[in-house]
Engineer: 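Starting off with a structure, shown below.
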Amino acid sequence: MENCIFCKILKGEIPSEKVYEDEKVYAFKDINPEAPVHVLIIPKKHISSANELTEENKEVIGDVYYAAQKIAKELGIADKGYRIINNCGEDGGQTVFHIHFHLMGGKKLNWPPC
Ligand code: AMP
Ligand code: ZN
């Protein structure tokens with residue numbers, strides 16, 4: 001989608017540090033990491049937020065989680081654990097409206113995040 005920074009990353013118009021890619025999903029390092037591992041995982045198809053999931057596109061969430069598990073293993077954080085976060089809308093703290101999942105780990109994370 002035009003003017004979506006993550007679609008521009010997918011098209012290579014904005015640079016990114018790729019961590020993982022398959023047919024449905026792309027993952028790259030967050031530009032402002034809040035943990036030793038902070039990766040953003042996005043579907044290649046533009047979906048604005050969790051509110052725009054439908055019967056037709058909902059399976060991509062499974063693709064994202066499966067990619068997250070593979071990335072966590074690859075980066076060596078799977079055994080100690082990690083967190084997958086999706087912020088939705090203003091109260092959820094979403095700033096980029098192309099649905100994305102933060103994969104965070106490499107340290108003991110605080111809970112709750114509110
Ligand atoms: P959220 O607040 O959940 O919408 O998360 C948006 C995330 O995108 C933030 O953690 C930003 O640091 C990250 N971000 C924004 N622009 C870029 C970019 N060009 N490359 C990598 N990460 C980005
Ligand atoms: Zn997009």
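Indexing begins at 1, ligand by ligand and atom by atom, following the structure's order. Hydrogens, waters and symmetry mates play no part in the numbers below; they use all other heavy atoms, side chains included.
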Engineer: So is His38 polar-close to ligand 1, meaning N/O to N/O under 3.5 Å?
Structural biologist: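 No; the residue has no nitrogen or oxygen that sits under 3.5 Å from a nitrogen or oxygen of the ligand.
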
Engineer: Lys44 side chain to Asp22 main-chain N or O, any donor-acceptor pair under 3.5 Å?
Structural biologist: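 The answer is yes, because a donor-acceptor pair under 3.5 Å joins these two groups.
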
Engineer: Kindly give the atom name of the N, O or S atom of His46 closest to the Zn ion (ligand 2).
Structural biologist: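 The His46 atom nearest to the Zn ion (ligand 2), restricting to N, O or S, is ND1.
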
Engineer: Looking only at the side chains, is there a donor atom on one of Tyr20 and Lys70 sitting less than 3.5 Å from an acceptor on the other?
Structural biologist: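 Yes, Lys70 and Tyr20 have a side-chain donor paired with an acceptor closer than 3.5 Å.
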
Engineer: State, with a plain yes or no, whether a side-chain heavy atom of Asn32 is found less than 4.5 Å away from one of Glu34.
Structural biologist: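 With C-beta onward as the side chain, the pair touches.
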
Engineer: Measure the shortest side-chain to side-chain distance between Val37 and Val39 over non-hydrogen atoms and say whether it is less than 4.5 angstrom.
Structural biologist: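 They are in contact (side-chain heavy atoms under 4.5 Å apart), so the answer is yes.
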
Engineer: Identify, by atom number and element, the atoms of ligand 1 in contact range of Val96, meaning under 4.0 Å from any of its heavy atoms.
Structural biologist: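 Counting atoms of ligand 1 from 1, those under 4.0 Å from Val96 are 4 (O), 6 (C).
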
Engineer: Please check: side-chain N/O of Glu74 versus main-chain N/O of Val19, any donor-acceptor pairing under 3.5 Å?
Structural biologist: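 A pair under 3.5 Å: no.
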
Engineer: Below 3.5 angstrom, do we get any N/O pair linking Ile9 and ligand 1?
Structural biologist: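 No, no N or O pair falls under 3.5 Å.
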
Engineer: So which protein heavy atom does atom 23 (C) of ligand 1 come closest to, and at what separation?
Structural biologist: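 Among all protein heavy atoms, the one nearest atom 23 (C) of ligand 1 is Ile31 CG2, 3.5 Å.
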
Engineer: What are the atoms of ligand 1, with element, lying closer than 4.0 Å to any heavy atom of Phe6?
Structural biologist: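 Once the distances to Phe6 are compared, the set is 8 (O).
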
Engineer: So, 4.0 Å and heavy atoms of Gly93: is ligand 1 close enough to count as a contact?
Structural biologist: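 Checking ligand 1 against Gly93, which is what was asked, there is a heavy-atom contact under 4.0 Å.
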
Engineer: May I ask whether Lys29 places a heavy atom under 4.0 Å from ligand 1?
Structural biologist: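 So Lys29 counts as touching ligand 1.
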
Engineer: Roughly, to 10 degrees, what angle do His98 atom ND1 and Cys4 atom SG form around the Zn ion (ligand 2)?
Structural biologist: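 Nearest ten degrees: 110°.
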
Engineer: Taking only heavy atoms of Asn32, which atoms of ligand 1 are found under 4.0 Å from at least one of them?
Structural biologist: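 By the 4.0 Å cutoff, the relevant atoms are 12 (O).
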
Engineer: Using 4.0 Å as the upper bound for N to carboxylate O, is an ion pair formed by Glu2 and Lys8?
Structural biologist: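 Not counted as a salt bridge, because no side-chain N and carboxylate O are separated by less than 4.0 Å.
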
Engineer: Give a yes/no verdict on whether any heavy atom in Glu17 is under 4.0 Å from an atom of ligand 1.
Structural biologist: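 It does not; every heavy atom stays at 4.0 Å or beyond.
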
Engineer: Among the heavy atoms of Phe97, does any lie under 4.0 Å from an atom of ligand 1?
Structural biologist: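 No, Phe97 has no heavy atom closer than 4.0 Å to ligand 1.
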
Engineer: Compute the ring centroids of His100 and His102, then answer whether they are less than 6.0 Å apart.
Structural biologist: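 Centroid distance His100-His102: below 6.0 Å, so yes.
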
Engineer: Looking only at protein heavy atoms, which one is nearest to atom 1 (P) of ligand 1, and how far off is it?
Structural biologist: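 Sorting protein heavy atoms by distance from atom 1 (P) of ligand 1 puts His100 NE2, 3.1 Å first.
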
Engineer: Has Asn57 got a side-chain atom pairing as donor or acceptor with Glu52's backbone, closer than 3.5 angstrom?
Structural biologist: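 Yes, Asn57 side chain to Glu52 backbone: donor-acceptor pair under 3.5 Å.
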
Engineer: So do the side chains of Ile99 and Ile61 get within less than 4.5 Å of each other, counting heavy atoms only?
Structural biologist: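 Result yes, sub-4.5 Å side-chain heavy-atom pair found.
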
Engineer: Counting both backbone and side chain atoms, is some N or O of Leu40 under 3.5 Å from an N or O of ligand 1?
Structural biologist: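 No - when backbone and side-chain N and O of Leu40 are compared with those of ligand 1, no distance drops under 3.5 Å.
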
Engineer: Just jot down the ligand 1 atoms closer than 4.0 angstrom to any heavy atom of Ile5, in number order.
Structural biologist: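 Ligand 1 atoms under the 4.0 Å threshold to Ile5: 16 (N).
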
Engineer: Numbering the atoms of ligand 1 from 1, which are under 4.0 Å from a heavy atom of Thr95?
Structural biologist: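 Close to Thr95: 1 (P), 2 (O), 4 (O), 5 (O), 6 (C).
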
Engineer: Using a 4.0 Å cut-off to any heavy atom of Gln94, which atoms of ligand 1 qualify?
Structural biologist: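 In order of numbering, the contacting atoms are 4 (O).
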
Engineer: To which protein heavy atom is atom 7 (C) of ligand 1 closest, and what is the distance rounded to 0.1 Å?
Structural biologist: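 The answer is Asp30 OD2, 3.6 Å.
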
Engineer: Side chain of His98, backbone of Ser49: donor and acceptor closer than 3.5 Å?
Structural biologist: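 Answer holds: no.
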
Engineer: Would you indicate whether the side-chain heavy atoms of Ile85 and Phe101 approach each other to under 4.5 Å?
Structural biologist: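 Contact flag for Phe101/Ile85 side chains = no.
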
